[in-house]
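Counting begins at 1 with the first residue of the sequence. Start at 1 and go down the list; that is how both ligands and their atoms are numbered.
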Amino acid sequence: MEEALRMQAIPPYLFARIDEKVAMAKANGVDVISLGIGDPDLPTPDNIINRLVEAVHNSENHRYPSYVGMVEFREAVAQWYKRRANIDLDPRTEVVTLIGSKEGIANISYCYLNPGDYSLVPDPGYPVYSIGALLAGGISYAMPLKEENGFLPDLEAIPADIAQKAKLMFLNYPNNPTGAVADESFYLKAIDFAQKYNIIICHDGPYSEIAFNGYRPLSFLEIPGAKDVGIEFHSMSKTYNMTGWRIGWAAGNAKVIKALGRLKSNVDSGVFQAVQEAAIEGLLGNQDSLKEINKVYQERRDIVIEGLTGMGWKLERPKAAFYIWPKVPTGYTSASFCEYVLEKAGVVVTPGNGYGEYGEGYFRISLTVSTDRLKEAIKRMKDNLGQLEF
Ligand SMILES: *Cc1c(COP(=O)(O)O)cnc(C)c1O
């Protein structure tokens with residue numbers, strides 16, 4: 001049973017070794033605290049759950065949904081963008097419902113990449129961007145996100161011959177894993193670049209609502225010219241603690257949205273309508289829970305930043321998303337430091353090289369565990385890691 005070549009192209013799973021060590025530590029009775037997973041620990045807000053319960057009892061919702069999503073959900077997305085950033089979208093042509101944004105991120109490569117075509121992907125980055133390209137027969141080209149550039153890709157460093165063969169460019173701000181944000185001038189440069197080389201920008205923005213101290217991340221779609229060159233992937237997952245519900249969307253350029261919808265209508269059958277109704281409540285209903293959620297993440301961010309600063313790290317407080325991305329101390333690789341932290345403190349942090357080669361030298365802490373456990377994790381690191389050098 002030989003697997004297809006495209007399966008062999010999937011890179012090895014870089015977290016396998018740490019997963020093994022975690023399993024071993026647990027088997028030995030260690031009370032492991034995982035700061036490794038980017039999955040909100042807080043529950044989905046009650047208004048959304050209540051709406052689901054109602055919608056589940058409506059037998060019309062038990063049938064196949066529309067492929068591209070209920071028009072009411074797509075209208076809710078359009079209204080949400082209007083309220084959020086005064087962005088105008090036609091819900092019928094400029095929004096498509098996704099089974100979580102990961103689904104659309106993987107599928108968009110099938111819509112646009114021929115064998116030999118390039119997809120420009122951030123490194124470090126969410127692995128689906130490059131895997132989507134590989135599965136579709138394309139080639140992913142890493143755009144390094146370097147600290148000295150504020151973790152923004154240097155577009156001028158992309159060779160012209162690569163840019164000419166590129167069909168897609170993925171951008172993701174607020175960024176996973178670095179926590180970086182992008183300003184308008186960067187997006188304008190990216191849009192110019194996309195116009196010059198005829199590239200579709202796929203902005204992945206699931207963290208746009210997770211932000212602190214009054215900071216308001218930009219939506220790609222509010223940048224002039226954005227809709228001419230691209231789309232934004234977005235999701236209920238991070239904003240409303242709904243990762244398990246599997247609902248997201250893509251919005252923007254009508255041709256790209258149409259292509260993605262056409263591909264999807266051939267491979268999936270849409271999102272359960274009761275879930276779409278609940279998501280409408282999330283987008284249009286009371287938003288107080290979001291303020292509470294952000295307060296919790298902000299407090300956790302400060303606990304981690306202050307804790308690590310006390311151990312010798314020099315770190316800025318991220319303005320958005322729920323990750324901290326520190327450098328590993330001198331003398332360690334990403335992998336060896338993460339193993340050291342697990343061994344000495346029983347705490348799981350994620351090695352940066354799991355997000356691409358330019359993630360080497362960093363590790364990621366996710367703020368998605370209870371505040372008490374997070375405090376305990378930081379205390380254990382303080383007490384057990386010894387003197388670290390930077
Ligand atoms: C969580 C995440 C997503 C995907 O979320 P869905 O649950 O599939 O909507 C997409 N991109 C990034 C960068 C993420 O961290």
Side-chain angles (χ1 to χ4, degrees), residues 15 35-44 48 69 73 77 80 95-109 119-133 140 142-143 145 151-153 168-182 201-211 217-220 230-252 260 264 268 270-272 275-276 278-279 282-283 293 297 318 320-325 350 352 354-356 358-359 362 364-368:
F15 304 126
L35 309 181
I37 302 162
D39 185 354
D41 59 308
L42 299 166
T44 305
I48 299 175
F73 174 73
V77 168
W80 181 84
V95 181
V96 62
T97 310
L98 300 172
I99 311 171
S101 55
K102 183 179 186 179
E103 176 258 294
I105 291 166
N107 275 330
I108 194 74
S109 290
S119 179
L120 308 174
V121 306
D123 181 344
Y126 188 60
V128 190
Y129 311 137
S130 56
I131 304 238
S140 73
M143 301 186 290
L145 305 187
F151 297 112
L152 298 168
L168 300 174
M169 173 194 281
F170 285 91
L171 297 173
N172 162 225
Y173 295 97
N175 185 257
N176 174 12
T178 68
V181 295
I201 293 183
C202 298
H203 185 256
D204 184 21
Y207 298 99
S208 74
E209 309 313 297
I210 310 296
L218 291 170
S219 161
F220 172 64
I231 60 171
E232 178 160 87
F233 290 104
H234 215 302
S235 167
M236 302 297 291
S237 288
K238 312 292 163 56
T239 313
Y240 301 102
N241 302 328
M242 291 173 70
T243 49
W245 296 57
R246 309 316 300 138
I247 180 162
W249 67 83
L260 188 52
K264 282 173 55 57
D268 71 57
V271 175
F272 182 25
V275 168
Q276 295 190 58
L283 291 173
I293 290 166
Y297 288 136
F322 46 58
Y323 303 109
I324 310 290
W325 182 248
T350 320
Y355 301 94
Y358 293 92
Y362 292 85
R364 193 189 78 172
I365 288 178
S366 175
L367 304 175
T368 52

> Taking both backbone and side-chain atoms of S101, is any N or O found less than 3.5 Å from an N or O belonging to ligand 1?
Replying inline: yes

> Of the non-hydrogen atoms in G282 and M236, which two are nearest, and what is the gap between them?
Replying inline: CA-CE, 4.1 Å

> If we only count N/O pairs under 3.5 Å, is Y323 in contact with ligand 1?
Replying inline: no

> In terms of the angle between their ring planes, are Y362 and W325 parallel, tilted or perpendicular, with boundaries placed at 30° and 60°?
Replying inline: parallel

> What atoms of ligand 1 come closer than 4.0 angstrom to any heavy atom of G100?
Replying inline: 8 (O), 9 (O)

> Hey, do the aromatic rings of F220 and Y173 have their centres closer than 6.0 Å?
Replying inline: no

> Do any heavy atoms of P206 fall under 4.0 Å from ligand 1?
Replying inline: yes

>> Just verifying a value: how many Å separate Y323 OH and T178 OG1, rounded to the nearest 0.5 Å?
In response: 11.0 Å

> Between S237 and ligand 1, which residue portion shows a heavy-atom distance shorter than 4.0 Å: side chain, backbone, both, or neither?
Replying inline: side chain

>> If the contact criterion is a heavy-atom separation under 4.0 Å, does G248 count as touching ligand 1?
In response: no

> If every non-hydrogen atom of S366 is compared with every non-hydrogen atom of G38, which pair is closest and at what distance?
Replying inline: OG-CA, 3.7 Å

>> I'd like to check which ligand 1 atoms, numbered from 1 as shown, lie under 4.0 Å from a non-hydrogen atom of R246.
In response: 6 (P), 7 (O), 8 (O)

>> Tell me whether N172 reaches ligand 1 (any heavy atom closer than 4.0 angstrom to a ligand atom).
In response: yes

> Should the ring pair W249 and H234 be called parallel, tilted or perpendicular, given that the plane angle runs from 0 to 90° and is split at 30 and 60?
Replying inline: parallel

>> Looking at non-hydrogen atoms alone, which of Y207, Y173, Y129, Y126 comes nearest to atom 15 (O) of ligand 1?
In response: Y207

> Can you tell me the protein heavy atom closest to atom 13 (C) of ligand 1 and the distance?
Replying inline: D204 OD2, 3.3 Å

> Which residue from K102, K238, E103 reaches closest to atom 2 (C) of ligand 1 through any of its heavy atoms?
Replying inline: K238

> About how many Å separate CZ of R246 and OG of S101, when rounded to the nearest 0.5 Å?
Replying inline: 7.0 Å

> Looking at Y240 and L283, what are the two nearest heavy atoms and their distance?
Replying inline: OH-CA, 3.9 Å

> Near S235, which atoms of ligand 1 are under 4.0 Å from a heavy atom of that residue?
Replying inline: 6 (P), 9 (O)

